Asker: 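I am attaching a structure below and will ask some questions about it afterwards.
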Amino acid sequence: MLNIVLFGPPGAGKGTQSKKLCEAYHLIHLSTGDLLRDEISRVTELGMQAKSIMDKGELVSDEIVIAMIDAKLNANPQAKGFIFDGFPRTQAQAQALDELLEKRNAPISMMIALEVNDVELLHRLLLRGAESGRPDDRDENVIRRRIFNYNNQTAPLKKYYSQQNKFHSVYGMGTVENIFELLCATIDNKTQIKKPYHDGTVTIADVSMEDEPAKHLRAIKETPKTNLAKKAIVKKKVAAKPAKKIAKKSAPKKAKAKTKPVKKAIAKKVVKKAAAKKVVKKAALKKAKKIKKITAKKKVVAKKTTKKSSKKRK
Ligand code: ADP
């Protein structure tokens with residue numbers, strides 16, 4: 001079972017990426033934000049209770065969200081795995097999730113944090129608010145409150161998952177396709193090759209924002225992709241073109257270094273073959289010359305003997 005916690009501040013792109021990952025890896029998307037909004041739209045008691053809290057940018061109580069997740073896990077016993085989006089957001093929720101999954105013998109496989117800076121988050125959320133009308137995205141103060149709560153209550157969970165060696169960080173600024181590629185590479189590294197380039201000990205604080213994209217794109221280039229990720233990427237080949245461009249820019253020497261030795265090796269082989277041919281030709285010529293000499297000698301001997309015999313006859 002593949003259970004992934006997709007982690008990140010409001011507006012990091014968890015929802016968008018979760019949907020793509022669920023499609024690529026056949027997982028079920030569990031978003032507590034979506035579940036709560038569904039309760040609100042159905043005007044349930046729980047929904048009404050949650051709405052006032054959400055509109056202020058505060059966190060709904062742990063009991064409510066944990067119960068919602070428990071119910072969803074029970075409703076999907078055949079699932080190949082889940083993507084937890086927006087859950088857990090507190091230490092209590094993280095512990096509860098571990099317990100819920102332990103009961104089902106299917107622990108969290110990994111936690112991936114999408115890293116996006118606060119300025120970009122504010123910009124994205126205000127844009128989303130204007131487009132979708134989501135109340136908590138329209139008010140800048142509420143957005144700031146949510147980011148504040150994330151930094152205070154949720155971000156510390158990086159340590160929780162780091163201690164379990166499950167923490168991975170992905171640079172969340174770029175095109176949707178680029179980020180999706182990074183996420184796939186991270187998942188594949190951890191699950192298939194068992195050779196993670198982010199082993200949970202490195203945090204975003206250790207890597208400057210400028211270094212991050214180049215580092216991840218390099219990692220992708222050096223990582224053989226599994227069929228699943230390949231399929232998902234091939235699907236969007238046209239949209240993924242910019243990723244290739246950035247990858248080339250960030251690691252031009254590496255890319256050349258990979259092709260040069262191959263070309264050199266081929267050239268060497270060709271030269272060797274030609275040299276071998278020359279040797280064979282030379283040997284053949286030598287042999288031919290020898291044969292010529294021998295036959296010439298034989299002819300002389302033959303001439304001499306015929307001369308002698310004719311003299312004798314005389
Ligand atoms: P975003 O991540 O952009 O804030 P979400 O849709 O994930 O959007 O969440 C919207 C709101 O729903 C949150 O601001 C919070 O009030 C509430 N919420 C969602 N998930 C949780 C959770 N795990 N714990 C507490 N509150 C939550």
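In listed order, ligands and their atoms are each counted from 1. Computed from a prediction, not measured in an experiment: that's the story for all the values here. In this chain, numbering begins with 1 at the start of the sequence shown.
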Asker: Please confirm whether Arg134 approaches ligand 1 to less than 4.0 Å, judged on its heavy atoms.
Answerer: yes

Asker: Within the 3.5 Å criterion, strictly below it, is a donor on Thr90 or Asp62 matched to an acceptor on the partner's side chain?
Answerer: yes

Asker: Just which atoms of ligand 1 are under 4.0 Å from any heavy atom in Gln93?
Answerer: 22 (C), 23 (N), 24 (N), 25 (C)

Asker: Side-chain donor-acceptor pair under 3.5 Å between Asn3 and Arg104, yes or no?
Answerer: no

Asker: Are Glu140 and Arg144 ion-paired here, with the side-chain N under 4.0 Å from a carboxylate O?
Answerer: yes

Asker: Could you go through Tyr150 and Phe7, starting from their C-alpha distance and side-chain angles, then the distance that decides it, and tell me whether this counts as ring pair (Phe, Tyr, Trp, His ring centres under 6.0 Å)?
Answerer: CA-CA 10 Å; Tyr150 170 79; Phe7 196 80; 5.7 Å; yes

Asker: Quick check on contacts: which atoms of ligand 1 are under 4.0 angstrom from a heavy atom of Thr32?
Answerer: 19 (C), 20 (N), 21 (C), 22 (C), 23 (N)

Asker: Tell me which part of Arg128 gets within contact of ligand 1: side chain, backbone, both or neither, using heavy atoms under 4.0 Å.
Answerer: side chain

Asker: So, 4.0 Å and heavy atoms of Gly11: is ligand 1 close enough to count as a contact?
Answerer: yes

Asker: Are any of the N or O atoms of Leu59 closer than 3.5 Å to those of ligand 1?
Answerer: no

Asker: Specify the closest pair of heavy atoms between Gln49 and Ser52, including all atoms of both residues, with the distance to one decimal.
Answerer: O-OG, 3.3 Å

Asker: Any N/O of Asp136 closer than 3.5 Å to an N/O of ligand 1?
Answerer: no

Asker: I'd like to check which ligand 1 atoms, numbered from 1 as shown, lie under 4.0 Å from a non-hydrogen atom of Phe87.
Answerer: 23 (N)

Asker: If the threshold is 4.0 Å, N to carboxylate O, is there a salt bridge linking Lys158 and Glu115?
Answerer: yes

Asker: Write out the residue and atom name of the closest protein heavy atom to atom 26 (N) of ligand 1, then the distance separating them to 0.1 Å.
Answerer: Val60 N, 3.1 Å

Asker: Decide, yes or no, whether a salt bridge links Asp98 with Lys103 under the criterion of side-chain N to carboxylate O below 4.0 Å.
Answerer: no

Asker: Would Lys166 count as a cation-pi partner of Tyr161, with NZ or CZ less than 6.0 Å from the six-membered ring centre and within 45° of the ring normal?
Answerer: no

Asker: Pick whichever of Lys51, Met54, Arg89 has a heavy atom sitting closest to atom 9 (O) of ligand 1.
Answerer: Arg89

Asker: Before signing off on this row, confirm whether Pro88 and ligand 1 have an N or O atom pair separated by under 3.5 Å.
Answerer: no

Asker: I'd like to know if the side chain of Gln17 pairs up with that of Asp85 as donor and acceptor (distance under 3.5 Å, no hydrogens or angles considered).
Answerer: no

Asker: Does Phe84 belong to the same Ile/Leu/Val/Met/Phe/Trp/Tyr cluster as Met1, with side-chain heavy atoms less than 4.5 Å apart forming each link?
Answerer: yes

Asker: So, does Ile53 sit close enough to ligand 1 that a heavy atom of it is under 4.0 Å from the ligand?
Answerer: no

Asker: Applying a heavy-atom cut-off of 4.0 Å, say which part of Asn149 lies close to ligand 1: side chain, backbone, both or neither.
Answerer: neither

Asker: Do the side chains of Glu39 and Lys51 get close enough for a salt bridge, i.e. N-O under 4.0 angstrom?
Answerer: no

Asker: Numbering the atoms of ligand 1 from 1, which are under 4.0 Å from a heavy atom of Glu58?
Answerer: 15 (C), 16 (O)

Asker: Backbone, side chain, both or neither: what part of Lys14 comes under 4.0 angstrom of ligand 1, heavy atoms only?
Answerer: side chain

Asker: One residue to check: Val65. Relative to ligand 1, which of side chain, backbone, both or neither has a non-hydrogen atom less than 4.0 Å away?
Answerer: side chain

Asker: Does Asp34 reach ligand 1 with a nitrogen or oxygen that is under 3.5 Å from one of the ligand's nitrogen or oxygen atoms?
Answerer: no

Asker: Give me the residue, atom name and distance of the protein heavy atom closest to atom 4 (O) of ligand 1.
Answerer: Arg146 NH2, 3.2 Å

